[in-house]
> 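Have a look at this one before I ask anything.
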Amino acid sequence: VQLQASGGGLVSPGRSLRLSCVASGRSFSDYAIGWFRQPPGKEREFVAIISWRRDDTIYADSVKGRFAISRDNAKNTVYLQMNSLKPEDTGVYYCAASDLFTRITGAYKDWGQGTQVTVSS
């Protein structure tokens, strides 16, 4: 499956951004789609995941209550709505697909190219 992430940018603290991840190439009914991020100088970390068949979701504690993951099956697209952004949310954001509903990075085989999010005043 091919994934294309977009929607990143430079925003001030407290503002919002919405990232999009468009999937193509295969049927997605059995995939989970996750969002991950890699802050500068740090390892890639889990942000959120949504199952493709149902509305099951999991969030990292650091974004719970501020970020919302959703999907539009008709458009093969998963969104990450990011509200109340903080400087520590800065990083490259990636979407990825997995056969498993898991936050474990190693379970994801297909990755998008990443989109940069910078939160700074």
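On a predicted model such as this, the values are computed, not experimentally measured, just so you know.
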> Does Tyr93 belong to the same Ile/Leu/Val/Met/Phe/Trp/Tyr cluster as Tyr59, with side-chain heavy atoms less than 4.5 Å apart forming each link?
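Same hydrophobic cluster.
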
> Which residues pass the salt bridge (Lys or Arg N to Asp or Glu O under 4.0 Å) test with Arg71, not counting sequence neighbours?
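Partners of Arg71 by the salt bridge (Lys or Arg N to Asp or Glu O under 4.0 Å) criterion, ordered by chain and then number, come out as Asp55.
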
> Could you pull out the closest heavy-atom pair between Asp99 and Tyr31, with the gap in Å?
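In this case the closest contact between Asp99 and Tyr31 is OD1-CE2, 3.4 Å.
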
> Please examine the side chains of Pro39 and Glu45, heavy atoms only from C-beta on, and report whether any two atoms are closer than 4.5 Å.
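A side-chain contact under 4.5 Å exists here.
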
> Once rounded to the nearest 0.5 Å, what's the spacing between atom CD of Gln116 and atom CD of Gln38?
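One gets 10.5 Å once the value is rounded to the nearest 0.5 Å.
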
> Hey, any chance Val92 and Ile49 share a hydrophobic cluster, counting ILVMFWY side chains that come within less than 4.5 Å of each other, even indirectly?
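The answer is yes; both residues are in one hydrophobic cluster.
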
> Give the other cluster members for Tyr79, using side-chain heavy-atom distances under 4.5 Å between Ile, Leu, Val, Met, Phe, Trp and Tyr residues; answer none if it is isolated.
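Answer for Tyr79: none, a lone residue.
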
> Between Ser16 and Asn83, do the side chains contain an N or O donor and an N or O acceptor separated by less than 3.5 Å?
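Yes, a side-chain donor-acceptor pair sits under 3.5 Å.
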
> Which heavy atom of Val1 sits nearest a heavy atom of Ala97, and at what distance?
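Closest approach of Val1 to Ala97, heavy atoms only: CG1-CB, 3.8 Å.
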
> Using the side chain to side chain contact (heavy atoms under 4.5 Å, CB included) rule, pick out the option among Val117, Val47, Ile69 that qualifies with Leu19.
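Checked Val117, Val47, Ile69 against Leu19; only one passes side chain to side chain contact (heavy atoms under 4.5 Å, CB included): Val117.
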
> Checking the side chain of Ser98 only, and the main-chain atoms of Ala107 only, is there a donor and an acceptor separated by less than 3.5 Å?
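Such a contact is found between Ser98 side chain and Ala107 backbone.
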
> Between Pro40 and Gly91, which heavy-atom pair has the shortest distance, and what is it?
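Smallest interatomic distance, heavy atoms only, reads CD-CA, 4.4 Å.
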
> Do the side chain of Thr102 and the main chain of Leu100 share a donor and acceptor less than 3.5 angstrom apart?
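Side chain of Thr102 to backbone of Leu100, a donor-acceptor pair under 3.5 Å: no, none is there.
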
> What pairs with Ser120 under side-chain contact (heavy atoms from CB on, under 4.5 Å), at least two apart in sequence or on another chain?
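side-chain contact (heavy atoms from CB on, under 4.5 Å) check on Ser120 returns Leu10, Thr118.
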
> Got a sec, which residues hit ring-ring contact (aromatic ring centres under 6.0 Å, His included) with Phe36, two or more places apart in sequence or on another chain?
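Only Phe46, Tyr108, Trp111 meet the ring-ring contact (aromatic ring centres under 6.0 Å, His included) criterion with Phe36.
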
> Using salt bridge (Lys or Arg N to Asp or Glu O under 4.0 Å) as the criterion, list what pairs up with Asp56, not counting sequence neighbours.
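Counting only residues at least two positions away or on another chain, Asp56 forms a salt bridge (Lys or Arg N to Asp or Glu O under 4.0 Å) with Arg54.
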
> Taking Ser20 for its side chain and Ser6 for its backbone only, find out whether a donor-acceptor pair lies under 3.5 Å.
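No: the side chain of Ser20 does not pair with the backbone of Ser6.
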
> Side-chain heavy atoms under 4.5 angstrom apart, residues restricted to Ile, Leu, Val, Met, Phe, Trp, Tyr: same cluster for Phe67 and Val11?
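Phe67 and Val11: one cluster.
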
> Taking atom CG of Leu80 and atom SG of Cys95, what is their separation to the nearest 0.5 Å?
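So the CG of Leu80 and the SG of Cys95 are separated by 10.0 Å.
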
> Compute both the distance and the angle, then confirm whether Arg37 meets the cation-pi test with Tyr94: under 6.0 Å from the six-membered ring centre, within 45 degrees of the axis.
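No cation-pi geometry.
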
> Would a 4.5 Å heavy-atom cut-off, applied to side chains only, mark Val78 and Trp35 as touching?
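Yes, at least one pair of side-chain atoms sits under 4.5 Å.
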
> Please answer whether the main-chain N or O of Cys21 pairs with a side-chain N or O of Gln4 as donor and acceptor at a distance below 3.5 Å.
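Here the side-chain-to-backbone pair does not exist.
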
> Once salt bridge (Lys or Arg N to Asp or Glu O under 4.0 Å) is applied, do any residues pair with Arg66, and if so which ones, sequence neighbours excluded?
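With neighbours one apart ignored, the set is Asp89.
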
> Please indicate whether Glu43 has more than 12 foreign heavy atoms, meaning atoms of other residues, nucleotides or ligands, lying under 6.0 Å from its CD.
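Incorrect, the count does not exceed 12.
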
> Output the distance between atom OG1 (Thr105) and atom CZ (Arg103), rounded to the nearest 0.5 Å.
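Taking OG1 in Thr105 and CZ in Arg103, the distance rounds to 10.5 Å.
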
